[in-house]
Q: 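Below is a structure I'd like to ask you about.
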Number of protein chains: 2
Amino acid sequence: MTAISGDDAASHASGLVSSAIVAITRHIRANELNPGDRLPSEAVLSRELSVSRTVVREAFRSLAAVRLIDLSAGKRATVAQLDDRAMSLMIEHGVDTAQISINQVYDARRTIEMRTAALAALRRTDAEVRLILGHAHAMVDNFSDADSVMESDLAFHLEIARASRNPIFSILIGAFQGIARQTWPIGWRSRSSDAERQAMNRIHVELAEAISAGDPQAASQLMARHFDESAKALLAAGIA
Amino acid sequence: MTAISGDDAASHASGLVSSAIVAITRHIRANELNPGDRLPSEAVLSRELSVSRTVVREAFRSLAAVRLIDLSAGKRATVAQLDDRAMSLMIEHGVDTAQISINQVYDARRTIEMRTAALAALRRTDAEVRLILGHAHAMVDNFSDADSVMESDLAFHLEIARASRNPIFSILIGAFQGIARQTWPIGWRSRSSDAERQAMNRIHVELAEAISAGDPQAASQLMARHFDESAKALLAAGIA
DNA sequence: TCTGTAAAACCTGTATGACTAGTTTCGCAA
DNA sequence: TTGCGAAACTAGTCATACAGGTTTTACAGA
């Protein structure tokens, strides 16, 4: 285990906390730590970096916020597994503060999900196909319960992202779901007839079947169609 | 200005710091704060939430780490503008800890940049076209200086993302550049002849011209070709 | 009345010490 | 050898203090 060097060679960001953050990430890299591995305690770091425990704690909090490390009472900090929590916060903040529009989120999702659908068609396991088909059918079956349909919808898209076997896509799709939960009911209500709603549900089933059949082109095109129709529904409801 | 409620209705995350984070983000939402707007001081929040200043500070650090707020000495915290710093950290951490492969980063970039190229062709201003063409030509002109070519290359892609007018894409492309800086020289060296290198540079010029001409299909296809050839070069260098 | 400036008030960054509560380690006893 | 309990370790939170920025206030001069 390499000792942590206290000097602040990299990073032009000022402040002891920033330096500590750099030192800690360097420690993770230098020792090739993997998710689950433990970091030095606050007391040790505080000594090695010659800063107060306060500074180390704030650095730890910062790293935990971007999900590089996990913190919990009594235990040492550990290297974390990637997840979408931090990214979700950022996206929601962007929308809340009018820096990102709903349409922009939709376009990003469409772009990414056309790809996840194609990759899922190529790479999905049988177990994944069962899950994806299951969510699609659940949407059709429970279509009188909007909330339940929404949750199946979200799970459907996330499962496709997982089947694409690229964690970047999973994280991004996961991060968009907070916003999706806010806009989904609007799209649902703007589809005035049950027929329209079931038509949307049917696209999901067709998409699941394309993935099941291992047809990336069809999967990608169906995903595109799905997003285009959702965009139309939102437009009808006045979402810019 | 609404007062901040101290209760912790939302979020199952335990701990006073997590509660404070929730309370502060709720404050931003409830008061519809925009980038640049000031938050209450640590002392005020500490009083309103009935926690120590330590807790508020750690919450602030967490929010600053995900770039929801800006901190600086003596000044009150302000709502921040979105940028790619936090996302960069996450991506680099994912690669460092073997949770994300270089190929996965490339696929994500390819997916997104095919779209930014198409959108840029549709939406770019004349000023943006000048910048994009400028970067492409700089690559051709300075091609004996690898470092300079790389920086132009990165700036080229980022400018296209900007011209796509979707901040989500800008942030993502920006976030990938840290990794790109690490792998770029490998791809460059694996192109053994100057002819090969200039061929790559020429694709950039053609792409810039497609964007300039307002041809989204061509721009998208050239971007795809560019990534496919880069992937080939990396494959030749043994990057999985 | 308006303006410029200096002092006062305010605010964050960092350090220290203390105490609680959760976790790991280690040695002893069965 | 195993199981258990005490000791050592560790993080969470609080209170306090002070240095060094920043903003506000109030006063003096025009």
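Labels below follow one simple rule: chain letters A, B, ... track the order of the sequence lines, proteins then strands, and each chain is numbered from 1.
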Q: In whole angstrom, what separates B/Arg38's CZ from C/dT12's P?
A: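 After rounding, the gap between these two atoms is 10 Å.
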
Q: Touch check for A/Ser41, heavy atoms < 4.0 angstrom, all strands: base, sugar-phosphate only, or nothing?
A: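 Result for A/Ser41 = sugar-phosphate.
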
Q: Can you tell me whether the side chain of B/Arg53 and the base of C/dG13 have a donor-acceptor pair closer than 3.5 Å?
A: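 It does, because a donor-acceptor pair links the side chain of B/Arg53 to the base of C/dG13 below 3.5 Å.
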
Q: Side chain of B/Arg76, heavy atoms from C-beta onward: which of D/dT23, C/dT24, C/dC11 has the nearest atom to it?
A: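 In terms of side-chain proximity for B/Arg76, the closest of D/dT23, C/dT24, C/dC11 is C/dC11.
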
Q: Round to a whole Å and report the spacing from CZ of A/Phe60 to P of D/dT10.
A: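 Nearest whole value for this atom pair: 11 Å.
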
Q: Output the rounded distance in Å from CG (B/Leu49) to C1' (D/dC14).
A: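 Value for this atom pair: 15 Å.
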
Q: Consider the side chain of A/Leu16, meaning its heavy atoms from C-beta on, and name the nucleotide among D/dT13, C/dT14, D/dA11 that approaches it most closely.
A: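 Given the options D/dT13, C/dT14, D/dA11, the side chain of A/Leu16 is closest to C/dT14.
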
Q: Report the distance from atom CD of B/Glu58 to atom P of D/dT13, rounded to the nearest whole Å.
A: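 So the CD-P distance, B/Glu58 to D/dT13, works out to 7 Å.
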
Q: Between atom CG in A/Leu45 and atom P in D/dT10, what is the gap in whole Å?
A: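 Whole-Å distance recorded here is 11 Å.
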
Q: Just the rounded figure in Å: distance from P of D/dC14 to CD of B/Glu42.
A: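 From B/Glu42 CD to D/dC14 P: 14 Å.
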
Q: Taking only side-chain N and O atoms of B/Arg61, does any of them lie within less than 4.0 angstrom of OP1 or OP2 on C/dT14?
A: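 Indeed, a polar side-chain atom of B/Arg61 lies that close.
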
Q: Whole Å only: how far is the CG atom of B/Asp70 from the P atom of C/dT12?
A: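 B/Asp70 atom CG is separated from C/dT12 atom P by 14 Å.
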
Q: Within this structure, what is the CZ-to-C1' distance between B/Arg57 and D/dC14, rounded to whole angstrom?
A: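 Going from CZ in B/Arg57 over to C1' in D/dC14 covers 15 Å.
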
Q: Taking the minimum atom-to-atom distance to the side chain of A/Lys75, which one of C/dT14, D/dT13, C/dT24 wins?
A: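 Ranking C/dT14, D/dT13, C/dT24 by closest atom to the A/Lys75 side chain puts C/dT24 first.
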
Q: Salt bridge check: are A/Arg181 and A/Glu151 linked by an N-O gap of less than 4.0 Å?
A: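 Between A/Glu151 and A/Arg181 there is a salt bridge, with a charged N closer than 4.0 Å to a carboxylate O.
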
Q: Would you say the side-chain atoms of A/Gln182 pair up with the backbone N or O of A/Ile179, donor to acceptor, closer than 3.5 Å?
A: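 No; zero donor-acceptor contacts below 3.5 Å.
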
Q: Using distance alone, with no hydrogens and no angle criterion, decide if B/His135 and B/Glu159 have a side-chain donor and acceptor under 3.5 Å apart.
A: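 B/Glu159 and B/His135 do not have a side-chain donor-acceptor pair below 3.5 Å.
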
Q: Starting from the 5' end of DNA chain C, give me the residue, B/Ala77 or A/Val55, whose nearest nucleotide shows up first.
A: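 Nearer the 5' end of the strand: B/Ala77.
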
Q: Is there side-chain contact between B/Arg29 and A/Glu92, with heavy atoms separated by less than 4.5 Å?
A: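 Yes - at least one pair of side-chain heavy atoms lies under 4.5 Å apart.
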
Q: Using modelled atom types and a 3.5 Å cut-off, is there a donor and acceptor pairing between side-chain atoms of B/Asn31 and backbone atoms of B/Leu33?
A: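 No: the side chain of B/Asn31 does not pair with the backbone of B/Leu33.
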
